[in-house]
Structure formats: C-alpha cells, structure tokens
Undergrad: 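Just dropping this structure here.
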Amino acid sequence: MQVQLRDGGVRWSGRGVNQAVAAVTGEMAGLLGSQAWGSLAQLYAALCELDGTANRGRLAASSGCPFPTST
C-alpha cells in the first residue's frame, strides 16, 4: 500500500501536499543530487533507506513516484 503524505486541516479539504513537496525539495533533493544513479532500482533503494520506515510513510511513498523511468 502506498502512503500519501497530505497536510490535513481545512485548506484543500485536508488534501494539500505542502508536506510532500517539502520532503522532495528537502531531504530527497540532497540524496538525488548526491551522485549519478546507475539505475532506477538503485535510486529507489536509496529513497527507501532514507525514509527508514517499513511502509515508506515518513517521506511518503508517493513522493518518489514522479521521477521519469524511461531512458
């Protein structure tokens, strides 16, 4: 099951994504720019390790999906 990181509250009926954007532009950005990734599997494994939870819920599993997978 994929975990979506939503803001909650009244704005956008709780469906805002500011927390997910902060995860991508913060912690994930540092990892993404830290090296040239040899494969998508290598990058995905590093993102899972960075998150550190079994369900990838801390940084939100859905935050890692927007990256292009075509070569």
Side-chain angles (χ1 to χ4, degrees):
M1 177 167 96
Q2 250 190 14
V3 177
Q4 293 187 354
L5 190 59
R6 299 296 179 147
D7 296 337
V10 269
R11 188 169 186 232
W12 298 105
S13 300
R15 296 185 181 111
V17 294
N18 289 335
Q19 290 181 39
V21 169
V24 172
T25 59
E27 285 185 78
M28 288 182 181
L31 176 68
L32 294 171
S34 67
Q35 70 181 60
W37 297 95
S39 70
L40 186 58
Q42 199 179 37
L43 171 60
Y44 183 73
L47 286 170
C48 289
E49 185 178 330
L50 178 67
D51 182 276
T53 63
N55 68 353
R56 297 178 312 281
R58 188 177 73 81
L59 296 175
S62 58
S63 298
C65 293
F67 304 109
T69 57
S70 62
T71 55

Undergrad: Name all pairs fulfilling the salt bridge (Lys or Arg N to Asp or Glu O under 4.0 Å) condition that reach into residues 28-47, sequence neighbours left out, sorted by first residue then second.
TA: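 Listed by first then second residue: nothing to list.
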Undergrad: Tell me which pairs pass side chain to side chain donor-acceptor pair (under 3.5 Å) where either residue lies in residues 20-47, with sequence neighbours left out.
TA: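 Residue pairs passing side chain to side chain donor-acceptor pair (under 3.5 Å), neighbours aside: E27-R58, Y44-R56.
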Undergrad: Which value, rounded to the nearest 0.5 Å, describes the distance between D51 atom CG and M28 atom CE?
TA: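 Rounded to the nearest 0.5 Å, the CG-CE separation comes to 7.0 Å.
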Undergrad: What salt bridge (Lys or Arg N to Asp or Glu O under 4.0 Å) pairs are there with at least one residue in residues 30-39, not counting sequence neighbours?
TA: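 Sorted pair list comes back empty.
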